[in-house]
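First the proteins, then the strands, lettered A, B, ... as listed; each starts at 1.
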There are 2 protein chains.
Amino acid sequence: MANECDDVPMSDVQVEACPIVQIIDRVAGKWSVSILVAAIRNPVRYTELERSVPGISRRMLTLTLRNLERDGLLTRTVYPTVPPKVEYAATDSARELYGHLTGLLEWAERHRPDIIEARERYDALVAAA
Amino acid sequence: MANECDDVPMSDVQVEACPIVQIIDRVAGKWSVSILVAAIRNPVRYTELERSVPGISRRMLTLTLRNLERDGLLTRTVYPTVPPKVEYAATDSARELYGHLTGLLEWAERHRPDIIEARERYDALVAAA
DNA sequence: CAGTATCCGTCTCGATACTG
DNA sequence: CAGTATCGAGACGGATACTG
């Protein structure tokens, strides 16, 4: 990712921005939020996730799960049965984070008209050039 | 980006996740938040931004500015002087969004110990393998 | 001053065959 | 069932010469 906050000298602007960027990175990417949403509803198994999130490859599913687990947003529980059973569950931490994300959503809904208008105006300008 | 919410059939999990992903994408990436932070303090000129955000290339600065402008988070004002002067200012929309981002920050600070612990435990496990 | 155009390396991501 | 290993395509980002 290369968004370490402390490897190079930073301006004060970056000092303020960096911790925010780190959190955003944590849930950025195509799949993280979908998996989080699925796991928050109730604990889910690997194959179940594959079905809940159509389009995701095994590779990305595993990578995303590992990252979320590493950050303490998911727990991974292995039941040593045959065949194997693994469950992923959202942590309290993840639920709280999700609360903040829905806060963002509220912002988006309130500003949807502004955003659409801004885009249309911008695209019109670009097209004119 | 390729995170359109409506081009392919989606599961209900994805329907819930997609609008959130869109907002996150809006401010994801290495530079967006830094530029936002700088512009929220007060309107800034291009070269000023180059100094405020050390390490950014001209290319990325311009690209990021254009994206933020397109989404209505920044306004771009050209003063037809010689030499040219261009100012970027944060919109109200951007200020509100930033408020939500600091909300995320508050979450991160409260959970910093959990995250560190989760990472250490996870990394220890991986190292053991 | 405020950009644009170009070139090129890197790194992410998707598809898929294979395994305990 | 729940993954890992491998490969290749493409997006992303950095450096920098050039311009109105």
Side-chain angles (χ1 to χ4, degrees), chain A residues 1-4 7-8 14 21 24-35 38-39 43-70 74-89 122 125-126 129, chain B residues 1-4 7-8 14 21 24-35 38-39 43-70 74-89 122 125-126 129:
Chain A
M1 248 146 235
N3 266 325
E4 302 311 314
D7 46 357
V8 279
Q14 287 173 308
V21 172
I24 295 194
D25 277 2
R26 192 182 304 273
V27 290
K30 225 170 167 175
W31 310 111
S32 297
V33 177
S34 288
I35 292 177
V44 277
R45 301 176 60 174
Y46 189 91
T47 310
E48 206 173 341
L49 277 170
E50 249 185 312
R51 276 193 303 273
S52 299
V53 189
I56 195 171
S57 67
R58 285 202 155 74
R59 182 185 131 86
M60 287 316 293
L61 178 53
T62 301
L63 276 177
T64 308
L65 286 170
R66 295 289 177 270
N67 283 330
L68 294 174
E69 188 195 351
R70 178 166 192 266
L74 292 183
T75 59
R76 176 175 180 273
T77 311
V78 181
Y79 300 90
T81 56
V82 179
K85 172 176 169 180
V86 178
E87 261 188 2
Y88 294 91
Y122 182 87
L125 272 181
V126 171
Chain B
M1 264 162 215
N3 267 325
E4 302 312 313
D7 46 357
V8 278
Q14 287 173 306
V21 172
I24 295 193
D25 277 1
R26 193 181 304 276
V27 289
K30 223 170 167 171
W31 309 110
S32 297
V33 176
S34 288
I35 292 178
V44 277
R45 301 177 60 175
Y46 189 91
T47 310
E48 206 173 339
L49 277 171
E50 249 184 311
R51 275 192 304 273
S52 299
V53 189
I56 194 169
S57 66
R58 281 191 159 65
R59 180 185 131 87
M60 287 316 294
L61 178 53
T62 301
L63 275 178
T64 307
L65 286 170
R66 295 289 176 272
N67 283 330
L68 294 174
E69 188 196 350
R70 179 166 191 268
L74 292 183
T75 60
R76 176 175 180 272
T77 311
V78 181
Y79 299 90
T81 57
V82 179
K85 174 176 170 182
V86 178
E87 260 187 3
Y88 294 91
Y122 182 86
L125 271 182
V126 171

From [atom1] of [X] over to [atom2] of [N], roughly how many Å is that when rounded to an integer?
| X | N | atom1 | atom2 | value |
| --- | --- | --- | --- | --- |
| A:K85 | D:dC1 | NZ | C1' | 12 Å |
| A:M60 | C:dT12 | CE | C1' | 7 Å |
| A:L61 | C:dT16 | CG | C1' | 15 Å |
| A:N67 | C:dT12 | CG | P | 10 Å |
| A:E87 | D:dG3 | CD | P | 12 Å |
| A:E48 | D:dG3 | CD | P | 13 Å |
| A:Y79 | D:dG3 | OH | P | 13 Å |
| A:L74 | D:dG3 | CG | C1' | 16 Å |

Legend entry - Min side-chain heavy-atom separation B:L74-B:L65 under 4.5 Å: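 Heavy-atom side-chain distance check passes, below 4.5 Å.
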
Inset, instruction - Would you mind reporting whether A:V21 and B:K30 have side-chain heavy atoms less than 4.5 Å apart? - result: no

Any side-chain N or O of [X] below 4.0 angstrom from OP1/OP2 of [N]?
| X | N | answer |
| --- | --- | --- |
| A:W31 | C:dT12 | no |
| A:S57 | C:dA15 | no |
| B:R66 | C:dT4 | yes |
| A:Y88 | D:dG3 | yes |
| B:K30 | D:dG14 | yes |
| A:R59 | D:dT6 | no |

Legend entry - Distance (rounded to the nearest 0.5 Å) between B:R45 CZ and B:K85 NZ: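 Rounded to the nearest 0.5 Å, the CZ-NZ separation comes out at 5.5 Å.
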
Legend entry - Complementary nucleotide of C:dG20, counting Watson-Crick and G-U pairs under 3.5 Å: D:dC1

Legend entry - Residue whose closest nucleotide on DNA chain D lies nearer the 5' end, A:R45 versus B:I56: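 Closer to the 5' end of DNA chain D: A:R45.
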
Inset, instruction - Would you mind classifying the nucleic acid contact of A:T62 as base, sugar-phosphate or nothing, using non-hydrogen atoms under 4.0 angstrom? - result: base

Inset, instruction - Consider the side chain of B:R76, meaning its heavy atoms from C-beta on, and name the nucleotide among C:dG3, C:dG14, C:dC1 that approaches it most closely. - result: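 Per side-chain heavy atoms of B:R76, the pick is C:dG3.
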
